[in-house]
Amino acid sequence: MEEGEAISSLNNITPSTTPKTLDPIAQSKHAALLERLSKKSHTRQSNPDNSPSSLSNPPFESTQSFLSLFSQSKLSIESHLSRIHQTPHPHSNPQLKSDLQNVSMSISDLEKLVAEKSYFLPSYEVRSCLKTVSDLKQTLDNVTSDVVPKKKFGFKNKSTKKDISLSNAVEKTQIGNPIVESENTGSRVWDSPGFKVKENEVLVKQFEVGSEEVGEFTLSDLRGCEVRLMGCLRALFVNKLRDCRVYVGPVLGSVLIEEVEGCVFVLASHQIRIHHARGCDFYLRVRSRPIIEDSSGVRFAPYCLRYDGIERDLGEANIGEETGNWANVDDFRWLRAVQSPNWSVLPDCERVGTVAIQSLES
Amino acid sequence: MGLLSIIRKIKRKEKEMRILMVGLDNSGKTTIVLKINGEDTSVISPTLGFNIKTMTYNKYTLNIWDVGGQRTIRSYWRNYFEQTDGLVWVVDSSDLRRLDDCKYELDNLLKEERLSGASLLILANKQDIQGALSPDEIAKVLNLEAMDKTRHWRIMGCSAYTGEGLLEAFDWLVQDIASRIYVLD
(Lines give C-alpha, C1' and ligand atoms only; values in the text may rest on other atoms or scores of the structure.)
Protein backbone atom coordinates (compact mmCIF):
# COMPACT_ATOMS: atom_id res chain seq x y z
CA MET A 1 0.00 0.00 0.00
CA GLU A 2 2.69 2.42 0.94
CA GLU A 3 4.73 1.42 -2.01
CA GLY A 4 1.80 1.99 -4.34
CA GLU A 5 1.35 5.51 -3.05
CA ALA A 6 4.95 6.26 -3.57
CA ILE A 7 4.77 5.13 -7.17
CA SER A 8 1.63 7.04 -7.95
CA SER A 9 3.10 10.24 -6.49
CA LEU A 10 6.18 9.71 -8.62
CA ASN A 11 3.94 9.40 -11.63
CA ASN A 12 2.38 12.66 -10.74
CA ILE A 13 5.73 14.40 -10.53
CA THR A 14 7.41 13.23 -13.71
CA PRO A 15 4.95 14.45 -16.31
CA SER A 16 4.60 17.84 -14.68
CA THR A 17 7.99 18.84 -16.12
CA THR A 18 6.39 18.98 -19.57
CA PRO A 19 4.03 21.90 -20.25
CA LYS A 20 1.09 19.68 -21.19
CA THR A 21 0.03 18.84 -17.68
CA LEU A 22 0.65 22.19 -16.00
CA ASP A 23 -2.02 23.65 -13.80
CA PRO A 24 -5.29 24.65 -15.52
CA ILE A 25 -4.43 28.38 -15.82
CA ALA A 26 -1.20 27.76 -17.66
CA GLN A 27 -2.93 25.22 -19.80
CA SER A 28 -5.60 27.66 -20.94
CA LYS A 29 -2.96 30.26 -21.65
CA HIS A 30 -1.13 27.77 -23.79
CA ALA A 31 -4.28 26.98 -25.73
CA ALA A 32 -4.99 30.67 -26.28
CA LEU A 33 -1.48 31.13 -27.64
CA LEU A 34 -1.91 28.29 -30.12
CA GLU A 35 -5.24 29.75 -31.12
CA ARG A 36 -3.71 33.16 -31.80
CA LEU A 37 -0.89 31.70 -33.83
CA SER A 38 -3.14 29.66 -36.04
CA LYS A 39 -5.42 32.67 -36.58
CA LYS A 40 -2.46 34.77 -37.62
CA SER A 41 -1.21 32.17 -40.00
CA HIS A 42 -4.68 31.87 -41.47
CA THR A 43 -5.05 35.60 -42.13
CA ARG A 44 -1.63 35.61 -43.76
CA GLN A 45 -2.61 32.82 -46.09
CA SER A 46 -6.04 34.10 -46.95
CA ASN A 47 -4.89 37.68 -47.48
CA PRO A 48 -1.33 37.76 -48.79
CA ASP A 49 -1.68 41.34 -50.04
CA ASN A 50 -2.19 42.98 -46.68
CA SER A 51 1.36 44.23 -46.51
CA PRO A 52 1.95 47.15 -48.85
CA SER A 53 5.17 45.81 -50.28
CA SER A 54 4.01 42.32 -51.16
CA LEU A 55 2.05 43.24 -54.27
CA SER A 56 4.30 41.32 -56.57
CA ASN A 57 4.76 38.07 -54.71
CA PRO A 58 1.89 35.73 -55.36
CA PRO A 59 3.69 32.61 -54.18
CA PHE A 60 3.27 32.81 -50.43
CA GLU A 61 6.34 32.60 -48.20
CA SER A 62 8.84 32.13 -50.97
CA THR A 63 12.41 33.17 -50.24
CA GLN A 64 13.02 33.66 -53.95
CA SER A 65 10.23 36.18 -54.42
CA PHE A 66 11.19 38.01 -51.27
CA LEU A 67 14.78 38.37 -52.42
CA SER A 68 13.81 39.72 -55.80
CA LEU A 69 11.49 42.24 -54.18
CA PHE A 70 14.21 43.18 -51.71
CA SER A 71 16.84 43.74 -54.37
CA GLN A 72 14.37 45.79 -56.43
CA SER A 73 13.72 48.20 -53.59
CA LYS A 74 17.40 48.28 -52.78
CA LEU A 75 18.26 49.28 -56.36
CA SER A 76 15.60 51.95 -56.42
CA ILE A 77 16.86 53.43 -53.14
CA GLU A 78 20.44 53.41 -54.38
CA SER A 79 19.60 55.10 -57.65
CA HIS A 80 17.61 57.69 -55.73
CA LEU A 81 20.54 58.39 -53.47
CA SER A 82 23.04 58.71 -56.29
CA ARG A 83 20.70 61.07 -58.12
CA ILE A 84 20.53 63.30 -55.04
CA HIS A 85 24.26 63.12 -54.63
CA GLN A 86 24.99 64.09 -58.23
CA THR A 87 22.67 67.07 -58.41
CA PRO A 88 25.03 69.96 -59.27
CA HIS A 89 23.72 72.49 -56.73
CA PRO A 90 22.07 70.52 -53.98
CA HIS A 91 21.53 73.54 -51.72
CA SER A 92 19.43 75.36 -54.29
CA ASN A 93 17.08 72.41 -54.69
CA PRO A 94 13.99 73.12 -52.59
CA GLN A 95 12.95 69.47 -52.71
CA LEU A 96 16.19 68.23 -51.29
CA LYS A 97 14.86 67.76 -47.81
CA SER A 98 11.75 65.90 -48.83
CA ASP A 99 13.77 63.75 -51.23
CA LEU A 100 16.07 62.71 -48.42
CA GLN A 101 13.10 62.06 -46.20
CA ASN A 102 11.50 59.85 -48.82
CA VAL A 103 14.66 57.81 -49.16
CA SER A 104 14.91 57.46 -45.43
CA MET A 105 11.30 56.27 -45.32
CA SER A 106 11.77 53.70 -48.04
CA ILE A 107 14.81 52.39 -46.22
CA SER A 108 12.80 51.92 -43.07
CA ASP A 109 10.01 50.29 -45.09
CA LEU A 110 12.55 47.87 -46.41
CA GLU A 111 13.76 47.19 -42.89
CA LYS A 112 10.20 46.52 -41.78
CA LEU A 113 9.70 44.16 -44.70
CA VAL A 114 12.74 42.13 -43.65
CA ALA A 115 11.47 41.98 -40.10
CA GLU A 116 8.01 40.91 -41.26
CA LYS A 117 9.32 38.10 -43.39
CA SER A 118 12.06 37.02 -41.06
CA TYR A 119 9.95 34.18 -39.67
CA PHE A 120 10.27 32.11 -42.84
CA LEU A 121 13.61 33.38 -44.24
CA PRO A 122 16.78 31.39 -43.69
CA SER A 123 18.86 33.07 -41.02
CA TYR A 124 21.66 33.80 -43.48
CA GLU A 125 19.30 35.80 -45.68
CA VAL A 126 17.99 37.73 -42.70
CA ARG A 127 21.48 38.66 -41.65
CA SER A 128 22.62 39.70 -45.10
CA CYS A 129 19.44 41.72 -45.69
CA LEU A 130 19.83 43.54 -42.39
CA LYS A 131 23.43 44.24 -43.31
CA THR A 132 22.29 45.70 -46.62
CA VAL A 133 19.77 47.88 -44.82
CA SER A 134 22.38 49.23 -42.44
CA ASP A 135 24.72 49.89 -45.37
CA LEU A 136 21.96 51.84 -47.07
CA LYS A 137 21.44 53.87 -43.92
CA GLN A 138 25.16 54.61 -43.83
CA THR A 139 25.12 55.72 -47.45
CA LEU A 140 22.14 57.95 -46.72
CA ASP A 141 24.04 59.49 -43.81
CA ASN A 142 27.06 60.12 -46.00
CA VAL A 143 25.01 61.68 -48.78
CA THR A 144 23.12 63.82 -46.27
CA SER A 145 26.29 65.15 -44.70
CA ASP A 146 27.66 65.87 -48.18
CA VAL A 147 24.71 67.77 -49.54
CA VAL A 148 23.50 69.29 -46.28
CA PRO A 149 26.64 70.82 -44.77
CA LYS A 150 24.83 72.37 -41.83
CA LYS A 151 25.79 69.73 -39.29
CA LYS A 152 29.46 69.81 -40.19
CA PHE A 153 29.58 73.55 -39.76
CA GLY A 154 28.18 73.44 -36.25
CA PHE A 155 30.77 70.94 -35.17
CA LYS A 156 33.64 72.91 -36.66
CA ASN A 157 32.50 76.01 -34.88
CA LYS A 158 32.91 74.28 -31.56
CA SER A 159 36.42 73.03 -32.18
CA THR A 160 37.86 76.30 -33.49
CA LYS A 161 37.31 77.84 -30.09
CA LYS A 162 39.78 75.41 -28.64
CA ASP A 163 42.21 75.83 -31.54
CA ILE A 164 42.51 79.50 -30.89
CA SER A 165 43.55 78.99 -27.33
CA LEU A 166 46.16 76.50 -28.44
CA SER A 167 47.56 78.06 -31.60
CA ASN A 168 50.81 79.94 -31.68
CA ALA A 169 49.06 82.66 -33.63
CA VAL A 170 48.14 84.34 -30.37
CA GLU A 171 51.59 85.60 -29.55
CA LYS A 172 51.04 88.21 -26.94
CA THR A 173 48.93 86.27 -24.48
CA GLN A 174 50.91 85.63 -21.38
CA ILE A 175 49.14 82.94 -19.41
CA GLY A 176 45.68 81.54 -19.98
CA ASN A 177 42.41 82.01 -18.21
CA PRO A 178 43.37 81.48 -14.56
CA ILE A 179 44.77 84.98 -14.22
CA VAL A 180 41.70 86.60 -15.63
CA GLU A 181 39.54 84.57 -13.28
CA SER A 182 41.67 85.45 -10.31
CA GLU A 183 41.11 89.11 -11.03
CA ASN A 184 37.40 88.49 -10.98
CA THR A 185 37.47 86.67 -7.68
CA GLY A 186 39.80 89.19 -6.15
CA SER A 187 42.31 86.71 -4.80
CA ARG A 188 46.04 86.98 -5.41
CA VAL A 189 47.23 87.20 -8.99
CA TRP A 190 48.26 83.76 -10.12
CA ASP A 191 51.43 84.25 -11.98
CA SER A 192 54.41 81.98 -11.85
CA PRO A 193 57.95 83.34 -12.07
CA GLY A 194 59.49 83.12 -15.50
CA PHE A 195 60.59 84.77 -18.73
CA LYS A 196 57.65 85.67 -20.92
CA VAL A 197 57.08 87.45 -24.24
CA LYS A 198 60.63 88.38 -25.22
CA GLU A 199 62.43 88.64 -28.52
CA ASN A 200 66.12 88.33 -29.33
CA GLU A 201 67.38 88.64 -25.77
CA VAL A 202 69.76 86.80 -23.51
CA LEU A 203 67.83 85.80 -20.37
CA VAL A 204 69.83 84.67 -17.36
CA LYS A 205 68.69 83.39 -13.98
CA GLN A 206 70.69 81.96 -11.11
CA PHE A 207 68.80 79.85 -8.55
CA GLU A 208 70.41 79.93 -5.12
CA VAL A 209 70.41 76.71 -3.17
CA GLY A 210 68.00 76.90 -0.27
CA SER A 211 66.46 80.17 -1.35
CA GLU A 212 62.71 80.44 -1.45
CA GLU A 213 62.80 81.07 -5.17
CA VAL A 214 63.39 77.41 -5.90
CA GLY A 215 59.95 76.54 -7.17
CA GLU A 216 58.55 76.24 -10.62
CA PHE A 217 59.71 78.42 -13.50
CA THR A 218 58.03 79.22 -16.78
CA LEU A 219 59.41 80.11 -20.21
CA SER A 220 56.71 81.21 -22.61
CA ASP A 221 56.29 83.13 -25.85
CA LEU A 222 59.98 83.63 -26.56
CA ARG A 223 61.47 84.18 -29.98
CA GLY A 224 65.16 84.11 -30.90
CA CYS A 225 66.27 84.18 -27.27
CA GLU A 226 69.05 82.50 -25.35
CA VAL A 227 67.96 81.31 -21.90
CA ARG A 228 70.40 80.29 -19.17
CA LEU A 229 69.01 78.87 -15.93
CA MET A 230 71.66 77.88 -13.38
CA GLY A 231 71.19 76.06 -10.08
CA CYS A 232 68.44 73.62 -9.12
CA LEU A 233 64.74 74.22 -9.64
CA ARG A 234 61.69 72.12 -8.88
CA ALA A 235 59.68 72.23 -12.10
CA LEU A 236 60.00 73.85 -15.50
CA PHE A 237 57.19 74.74 -17.92
CA VAL A 238 58.12 75.68 -21.47
CA ASN A 239 55.47 76.95 -23.87
CA LYS A 240 55.56 78.55 -27.34
CA LEU A 241 59.24 79.04 -28.06
CA ARG A 242 60.67 79.66 -31.48
CA ASP A 243 64.31 79.67 -32.57
CA CYS A 244 65.62 79.74 -29.01
CA ARG A 245 68.56 78.16 -27.22
CA VAL A 246 67.65 76.99 -23.72
CA TYR A 247 70.31 75.87 -21.23
CA VAL A 248 69.04 74.61 -17.90
CA GLY A 249 70.61 73.18 -14.74
CA PRO A 250 69.06 70.23 -12.91
CA VAL A 251 65.29 70.13 -12.46
CA LEU A 252 64.27 68.05 -9.43
CA GLY A 253 60.77 67.36 -10.63
CA SER A 254 59.53 67.41 -14.19
CA VAL A 255 59.91 69.45 -17.35
CA LEU A 256 56.89 70.03 -19.58
CA ILE A 257 57.54 71.42 -23.06
CA GLU A 258 54.74 72.42 -25.46
CA GLU A 259 54.66 74.06 -28.88
CA VAL A 260 58.30 74.70 -29.64
CA GLU A 261 59.93 75.06 -33.03
CA GLY A 262 63.51 75.34 -34.24
CA CYS A 263 64.97 75.34 -30.73
CA VAL A 264 67.91 73.73 -28.95
CA PHE A 265 67.35 72.51 -25.38
CA VAL A 266 69.99 71.35 -22.93
CA LEU A 267 68.16 69.89 -19.92
CA ALA A 268 68.65 67.62 -16.92
CA SER A 269 65.58 66.41 -15.09
CA HIS A 270 63.74 63.52 -13.46
CA GLN A 271 60.96 63.54 -16.04
CA ILE A 272 60.64 65.20 -19.44
CA ARG A 273 57.50 65.48 -21.57
CA ILE A 274 57.60 67.08 -25.01
CA HIS A 275 54.39 67.96 -26.87
CA HIS A 276 53.98 69.62 -30.27
CA ALA A 277 57.68 70.12 -31.01
CA ARG A 278 58.92 70.66 -34.56
CA GLY A 279 62.54 70.53 -35.66
CA CYS A 280 64.20 70.78 -32.25
CA ASP A 281 67.35 69.27 -30.75
CA PHE A 282 67.34 68.03 -27.16
CA TYR A 283 70.48 67.33 -25.14
CA LEU A 284 69.14 65.46 -22.13
CA ARG A 285 69.99 63.72 -18.93
CA VAL A 286 66.83 62.09 -17.51
CA ARG A 287 66.21 59.61 -14.74
CA SER A 288 63.18 58.17 -16.54
CA ARG A 289 62.26 57.77 -20.17
CA PRO A 290 61.60 61.03 -21.98
CA ILE A 291 58.39 61.12 -24.03
CA ILE A 292 57.24 62.97 -27.12
CA GLU A 293 53.67 63.45 -28.37
CA ASP A 294 52.44 65.12 -31.57
CA SER A 295 56.02 66.02 -32.45
CA SER A 296 58.17 65.60 -35.54
CA GLY A 297 61.76 66.11 -36.58
CA VAL A 298 63.08 66.09 -33.02
CA ARG A 299 66.57 64.78 -32.30
CA PHE A 300 68.22 63.66 -29.08
CA ALA A 301 71.75 63.66 -27.67
CA PRO A 302 73.32 63.42 -24.18
CA TYR A 303 73.48 66.37 -21.78
CA CYS A 304 76.44 68.67 -22.35
CA LEU A 305 76.12 71.70 -20.07
CA ARG A 306 78.89 73.22 -17.96
CA TYR A 307 78.85 76.04 -15.43
CA ASP A 308 80.59 76.63 -12.13
CA GLY A 309 79.20 74.17 -9.59
CA ILE A 310 77.06 72.12 -11.97
CA GLU A 311 78.50 68.83 -10.68
CA ARG A 312 77.38 69.68 -7.16
CA ASP A 313 73.90 70.71 -8.37
CA LEU A 314 73.46 67.56 -10.42
CA GLY A 315 74.55 65.42 -7.48
CA GLU A 316 72.10 67.18 -5.19
CA ALA A 317 69.29 66.59 -7.65
CA ASN A 318 70.18 62.91 -7.83
CA ILE A 319 71.10 63.06 -11.50
CA GLY A 320 74.87 63.04 -11.15
CA GLU A 321 75.22 59.90 -13.24
CA GLU A 322 74.50 59.53 -16.93
CA THR A 323 71.57 57.11 -17.30
CA GLY A 324 71.55 56.69 -21.04
CA ASN A 325 67.83 57.44 -21.00
CA TRP A 326 68.28 60.36 -23.41
CA ALA A 327 68.01 57.78 -26.20
CA ASN A 328 65.07 55.83 -24.70
CA VAL A 329 62.40 58.08 -26.11
CA ASP A 330 58.74 56.97 -26.04
CA ASP A 331 56.60 58.43 -28.79
CA PHE A 332 52.94 58.37 -27.68
CA ARG A 333 51.92 58.86 -31.29
CA TRP A 334 53.86 55.81 -32.43
CA LEU A 335 52.96 52.79 -30.33
CA ARG A 336 54.74 50.20 -32.43
CA ALA A 337 57.84 48.10 -32.14
CA VAL A 338 59.64 49.76 -35.05
CA GLN A 339 61.49 53.06 -34.60
CA SER A 340 59.24 56.14 -34.66
CA PRO A 341 59.75 58.40 -37.68
CA ASN A 342 59.22 61.44 -35.47
CA TRP A 343 62.52 61.37 -33.59
CA SER A 344 66.12 60.28 -34.09
CA VAL A 345 69.48 60.26 -32.37
CA LEU A 346 71.44 63.36 -33.25
CA PRO A 347 74.53 62.28 -35.26
CA ASP A 348 77.85 62.83 -33.45
CA CYS A 349 79.17 65.22 -36.05
CA GLU A 350 76.17 67.56 -35.68
CA ARG A 351 76.25 67.84 -31.88
CA VAL A 352 77.25 71.15 -30.35
CA GLY A 353 79.95 69.75 -28.03
CA THR A 354 80.11 71.05 -24.47
CA VAL A 355 78.18 74.24 -23.79
CA ALA A 356 79.74 76.40 -21.08
CA ILE A 357 77.57 79.18 -19.66
CA GLN A 358 78.16 81.96 -17.13
CA SER A 359 75.96 84.42 -15.35
CA LEU A 360 77.30 87.29 -17.42
CA GLU A 361 76.83 87.61 -21.11
CA SER A 362 79.77 86.08 -22.88
CA MET B 1 35.44 24.36 8.31
CA GLY B 2 34.77 24.29 4.57
CA LEU B 3 31.73 26.52 4.81
CA LEU B 4 33.47 28.94 7.11
CA SER B 5 36.38 29.39 4.77
CA ILE B 6 34.02 30.01 1.86
CA ILE B 7 32.18 32.64 3.85
CA ARG B 8 35.49 34.24 4.80
CA LYS B 9 36.55 34.25 1.19
CA ILE B 10 33.37 35.96 0.03
CA LYS B 11 33.64 38.45 2.84
CA ARG B 12 37.19 39.27 1.82
CA LYS B 13 36.13 39.66 -1.75
CA GLU B 14 33.39 42.03 -0.75
CA LYS B 15 35.88 44.27 0.96
CA GLU B 16 37.48 45.12 -2.34
CA MET B 17 37.30 48.63 -3.70
CA ARG B 18 38.08 49.66 -7.21
CA ILE B 19 39.71 53.05 -7.46
CA LEU B 20 40.44 54.86 -10.70
CA MET B 21 43.17 57.51 -10.82
CA VAL B 22 43.04 59.98 -13.67
CA GLY B 23 44.16 63.52 -14.43
CA LEU B 24 46.29 65.41 -16.94
CA ASP B 25 49.77 64.15 -17.73
CA ASN B 26 52.48 65.38 -15.35
CA SER B 27 50.04 65.68 -12.43
CA GLY B 28 51.77 62.93 -10.40
CA LYS B 29 49.31 60.01 -10.48
CA THR B 30 51.91 57.25 -10.60
CA THR B 31 54.07 58.94 -7.97
CA ILE B 32 51.07 59.14 -5.61
CA VAL B 33 50.25 55.46 -6.02
CA LEU B 34 53.84 54.36 -5.45
CA LYS B 35 54.21 56.70 -2.51
CA ILE B 36 51.16 55.40 -0.63
CA ASN B 37 52.36 51.89 -1.32
CA GLY B 38 55.73 52.77 0.17
CA GLU B 39 57.70 52.22 -3.01
CA ASP B 40 60.66 54.09 -4.52
CA THR B 41 59.50 57.17 -6.43
CA SER B 42 62.82 58.39 -7.78
CA VAL B 43 62.57 56.83 -11.24
CA ILE B 44 59.11 57.08 -12.78
CA SER B 45 58.58 57.33 -16.53
CA PRO B 46 55.44 58.93 -17.94
CA THR B 47 52.81 56.19 -17.99
CA LEU B 48 52.26 54.60 -21.39
CA GLY B 49 49.07 52.65 -20.76
CA PHE B 50 48.19 51.91 -17.15
CA ASN B 51 49.40 50.36 -13.89
CA ILE B 52 47.33 48.34 -11.43
CA LYS B 53 48.28 48.23 -7.77
CA THR B 54 46.53 46.07 -5.22
CA MET B 55 47.12 47.07 -1.64
CA THR B 56 45.57 46.52 1.74
CA TYR B 57 44.33 49.66 3.39
CA ASN B 58 42.88 49.26 6.87
CA LYS B 59 40.57 46.28 6.43
CA TYR B 60 39.94 46.90 2.75
CA THR B 61 41.67 45.74 -0.37
CA LEU B 62 42.19 48.57 -2.82
CA ASN B 63 42.57 47.91 -6.51
CA ILE B 64 44.05 51.10 -7.83
CA TRP B 65 44.02 51.70 -11.56
CA ASP B 66 46.52 54.37 -12.50
CA VAL B 67 45.85 55.35 -16.10
CA GLY B 68 48.23 57.46 -18.22
CA GLY B 69 47.19 61.08 -18.79
CA GLN B 70 48.95 62.06 -22.02
CA ARG B 71 46.54 63.65 -24.47
CA THR B 72 46.86 60.79 -26.97
CA ILE B 73 45.71 58.18 -24.48
CA ARG B 74 43.00 60.13 -22.63
CA SER B 75 40.41 58.70 -24.99
CA TYR B 76 41.13 55.28 -23.47
CA TRP B 77 40.12 56.36 -19.97
CA ARG B 78 36.57 55.27 -20.73
CA ASN B 79 37.74 51.65 -20.89
CA TYR B 80 38.34 51.74 -17.15
CA PHE B 81 35.07 53.34 -15.97
CA GLU B 82 33.13 50.15 -15.29
CA GLN B 83 32.47 49.33 -11.62
CA THR B 84 34.56 52.16 -10.24
CA ASP B 85 33.89 52.80 -6.53
CA GLY B 86 36.24 55.73 -6.11
CA LEU B 87 37.51 58.28 -8.59
CA VAL B 88 40.70 60.21 -7.88
CA TRP B 89 41.31 63.28 -10.00
CA VAL B 90 44.87 64.52 -9.65
CA VAL B 91 45.77 68.16 -10.36
CA ASP B 92 49.23 69.65 -10.76
CA SER B 93 48.68 72.74 -8.60
CA SER B 94 51.80 74.40 -10.00
CA ASP B 95 50.71 74.16 -13.65
CA LEU B 96 48.69 77.36 -13.88
CA ARG B 97 48.60 77.47 -17.65
CA ARG B 98 46.79 74.18 -18.12
CA LEU B 99 44.15 74.63 -15.42
CA ASP B 100 41.48 75.31 -18.01
CA ASP B 101 42.51 72.13 -19.81
CA CYS B 102 42.21 70.36 -16.48
CA LYS B 103 38.72 71.75 -15.89
CA TYR B 104 37.61 70.75 -19.36
CA GLU B 105 38.72 67.13 -18.90
CA LEU B 106 37.23 66.86 -15.42
CA ASP B 107 33.88 68.25 -16.56
CA ASN B 108 33.84 65.67 -19.35
CA LEU B 109 34.61 62.87 -16.95
CA LEU B 110 31.84 63.83 -14.53
CA LYS B 111 29.26 63.65 -17.32
CA GLU B 112 30.02 59.95 -17.57
CA GLU B 113 27.09 57.91 -16.34
CA ARG B 114 29.17 54.90 -15.37
CA LEU B 115 31.05 57.07 -12.87
CA SER B 116 28.01 58.79 -11.42
CA GLY B 117 27.97 56.64 -8.28
CA ALA B 118 31.69 56.92 -7.54
CA SER B 119 33.06 59.00 -4.67
CA LEU B 120 35.28 61.75 -6.05
CA LEU B 121 38.56 62.74 -4.43
CA ILE B 122 40.34 65.69 -6.02
CA LEU B 123 44.00 65.86 -5.08
CA ALA B 124 45.64 69.26 -5.42
CA ASN B 125 49.09 67.75 -5.78
CA LYS B 126 52.55 69.38 -5.65
CA GLN B 127 51.69 71.60 -2.69
CA ASP B 128 55.38 71.51 -1.77
CA ILE B 129 56.32 73.55 -4.85
CA GLN B 130 56.73 77.26 -4.30
CA GLY B 131 53.93 79.08 -6.12
CA ALA B 132 51.49 76.17 -6.22
CA LEU B 133 47.81 77.11 -5.84
CA SER B 134 46.03 76.12 -2.62
CA PRO B 135 43.22 73.54 -2.70
CA ASP B 136 40.70 76.37 -2.21
CA GLU B 137 42.02 78.22 -5.22
CA ILE B 138 41.97 75.06 -7.31
CA ALA B 139 38.38 74.42 -6.21
CA LYS B 140 37.45 77.90 -7.40
CA VAL B 141 39.05 77.47 -10.83
CA LEU B 142 37.46 74.05 -11.30
CA ASN B 143 34.14 75.46 -10.08
CA LEU B 144 33.59 72.48 -7.81
CA GLU B 145 30.74 74.14 -5.92
CA ALA B 146 28.61 73.76 -9.02
CA MET B 147 28.90 69.98 -8.88
CA ASP B 148 25.90 67.69 -8.83
CA LYS B 149 24.54 67.64 -5.27
CA THR B 150 24.27 63.87 -5.15
CA ARG B 151 28.00 63.39 -5.68
CA HIS B 152 30.21 62.60 -2.70
CA TRP B 153 33.32 64.68 -3.29
CA ARG B 154 36.19 66.37 -1.54
CA ILE B 155 39.27 68.33 -2.55
CA MET B 156 42.46 67.94 -0.54
CA GLY B 157 45.99 69.25 -0.90
CA CYS B 158 48.91 66.87 -0.98
CA SER B 159 52.48 66.36 -2.05
CA ALA B 160 53.47 63.09 -3.63
CA TYR B 161 57.07 64.28 -3.28
CA THR B 162 56.99 64.49 0.52
CA GLY B 163 53.96 62.26 1.05
CA GLU B 164 52.13 64.96 2.98
CA GLY B 165 48.33 64.80 2.90
CA LEU B 166 48.13 61.50 1.01
CA LEU B 167 47.02 59.28 3.88
CA GLU B 168 44.36 61.72 5.09
CA ALA B 169 43.00 61.96 1.57
CA PHE B 170 42.82 58.20 1.03
CA ASP B 171 41.34 57.78 4.51
CA TRP B 172 38.47 60.00 3.49
CA LEU B 173 37.98 58.21 0.17
CA VAL B 174 37.99 54.72 1.66
CA GLN B 175 35.67 55.72 4.51
CA ASP B 176 33.27 57.39 2.11
CA ILE B 177 33.14 54.37 -0.18
CA ALA B 178 32.79 52.02 2.78
CA SER B 179 29.90 54.02 4.20
CA ARG B 180 28.08 53.70 0.90
CA ILE B 181 28.86 50.11 0.07
CA TYR B 182 29.36 48.34 3.37
CA VAL B 183 26.60 49.95 5.37
CA LEU B 184 26.24 46.96 7.66
CA ASP B 185 29.77 47.10 9.08
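Chain identifiers are assigned alphabetically (A, B, ...) following the order of the sequence lines, protein sequences preceding nucleic acid strands; residue numbering begins at 1 within each chain. Quick note: numbers below take in every heavy atom, side chains included, and nothing from hydrogens, waters or symmetry partners.
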Relative to chain B, which segment of [X] carries a heavy atom at a distance below 4.5 Å: side chain, backbone, both, or neither?
X        : value
A:Phe332 : both
A:Arg273 : side chain
A:Asn318 : neither

### Query
Of the backbone (N, CA, C, O) and the side chain (C-beta and beyond), which part of B:Asp92 lies under 4.5 Å from a heavy atom of chain A, both, or neither?
side chain
### Query
For the side chain of A:Glu293 and the backbone of B:Thr72, is there at least one donor-acceptor N/O pair under 3.5 Å apart?
yes
### Task
Kindly indicate whether the side chain of B:Tyr161, heavy atoms from C-beta on, has any atom under 4.5 Å from the side chain of A:Arg234.
yes
### Query
Any side-chain heavy atom of B:Arg98 within less than 4.5 Å of one from A:Leu256?
yes
Please say whether more than 12 non-hydrogen atoms of neighbouring residues, nucleotides or ligands are located less than 6.0 Å from [atom1] in [X].
X        : atom1 : value
B:Gln83  : CD    : no
A:Glu321 : CD    : no
B:Arg114 : CZ    : yes
B:Glu164 : CD    : no

### Task
Taking heavy atoms only and a threshold strictly under 4.5 Å, list by residue number the residues of residues 22-52 of chain B that touch chain A; give 'none' if the list is empty.
B:Asp25, B:Asn26, B:Ser42, B:Val43, B:Ile44, B:Ser45, B:Pro46, B:Thr47, B:Leu48
### Query
Counting heavy-atom pairs under 4.5 Å to chain B, which of A:Arg333, A:His270, A:Gln271 comes out on top?
A:Gln271
### Message
If you apply the rule side chain to side chain contact (heavy atoms under 4.5 Å, CB included), what do you find for B:Gln70 with A:Ile291, and how did you get there?
### Response
CA-CA 10 Å; B:Gln70 300 295 326; A:Ile291 72 124; 3.2 Å; yes
